[in-house]
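Take a look at the structure below.
As a basis for the values below, the full set of heavy atoms in this structure was taken, side chains included, without hydrogen atoms, waters or symmetry mates.
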Amino acid sequence: MKQSGIYQIFNKINGKFYIGSSNDIHRRLKNHRTELFRNKHANKHLQAAWNKYGYQYFEFWYLQLLPIDLIRQAEQYWIDYLKPEYNIA
């Protein structure tokens, strides 16, 4: 079942993290993992940390499930509130 919302990719070693949103969180997190394992992730900062620390030190979490029309607002809220170090935009 498709679920939309906000997610976090968390580095258990240094506590840094990335926040994103998707209209299909499960698929998006799977894509992140695939890109990171293939060393092809668009976010070079996150990719460098993945390569340095190893996949076993990263966790993928759902922060908030909500309707598609609210995810952009919610994502900006979480970014402003938590100030994720791996977000580059």
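- How far CG of L46 is from CD of E85: 11.5 Å, rounded to the nearest 0.5 Å.
- With values rounded to the nearest 0.5 angstrom, F58 atom CZ is found 10.0 Å from K16 atom NZ.
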Walk me through whether L36 and Y55 qualify under side chain to side chain contact (heavy atoms under 4.5 Å, CB included). CA-CA 9 Å; L36 288 164; Y55 73 92; over 6 Å; no
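- Aromatic pair W61/Y7: centroids not less than 6.0 angstrom apart.
- Looking at Q47 and N43, their side chains never bring a donor and an acceptor atom within 3.5 Å of each other.
- The number of heavy atoms from other shown groups lying within 6.0 Å of CZ (F37) is above 12.
- Between H32 and H41, the ring planes are parallel. Angles under 30° get that label, and only those over 60° would be called perpendicular.
- Residues Y53 and Y57 approach most closely at O-CD1, 3.0 Å, considering heavy atoms.
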Distance-only donor-acceptor pairs under 3.5 Å for side chains of residues 70-81, two or more places apart:
{"residue": "R72", "atom": "NH1", "partner": "S21", "partner atom": "OG", "Å": "2.8"}
{"residue": "R72", "atom": "NH1", "partner": "E75", "partner atom": "OE1", "Å": "3.2"}
{"residue": "E75", "atom": "OE1", "partner": "S21", "partner atom": "OG", "Å": "2.9"}
{"residue": "Q76", "atom": "NE2", "partner": "D80", "partner atom": "OD1", "Å": "2.8"}
{"residue": "W78", "atom": "NE1", "partner": "Q64", "partner atom": "OE1", "Å": "2.8"}

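- Taking the six-membered ring wherever Trp is involved, the centroid distance between the rings of H45 and Y18 does not fall below 6.0 Å.
- Criterion: ILVMFWY side-chain heavy atoms under 4.5 Å apart, direct or through other members. Under it, F10 and L63 are part of a common hydrophobic cluster.
- For E59, the salt bridge (charged side-chain N to carboxylate O under 4.0 Å, His left out) criterion is met by K12, not counting sequence neighbours.
- A42 and E35 get closest at one heavy-atom pair: N-OE1, 4.5 Å.
- Judged as a side-chain contact (heavy atoms from CB on, under 4.5 Å), and not counting sequence neighbours, the contacts of D69 are P67.
- Taken from NZ in K52 to CD1 in I13, the straight-line distance is 10.0 Å, to the nearest 0.5 Å.
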What verdict does the side chain to side chain contact (heavy atoms under 4.5 Å, CB included) test give for Y62 and L29, after you've listed the backbone C-alpha separation in whole Å, the side-chain angles of each residue and the deciding distance to 0.1 Å? CA-CA 9 Å; Y62 294 179; L29 289 176; 3.5 Å; yes
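- For the pair Q8/L82, a side-chain contact is recorded, criterion being any heavy-atom separation below 4.5 Å from C-beta on.
- To the nearest 0.5 Å, atoms CD1 (I19) and CD1 (I9) are separated by 10.5 Å.
- Rounding to the nearest 0.5 Å places CD1 of I25 at 7.0 Å from CD1 of I6.
- Side-chain contact annotation: N11 with Y86, donor-acceptor N/O pair under 3.5 Å present.
- Listed for the D24 side chain is no donor-acceptor partner under 3.5 Å among the backbone atoms of K2.
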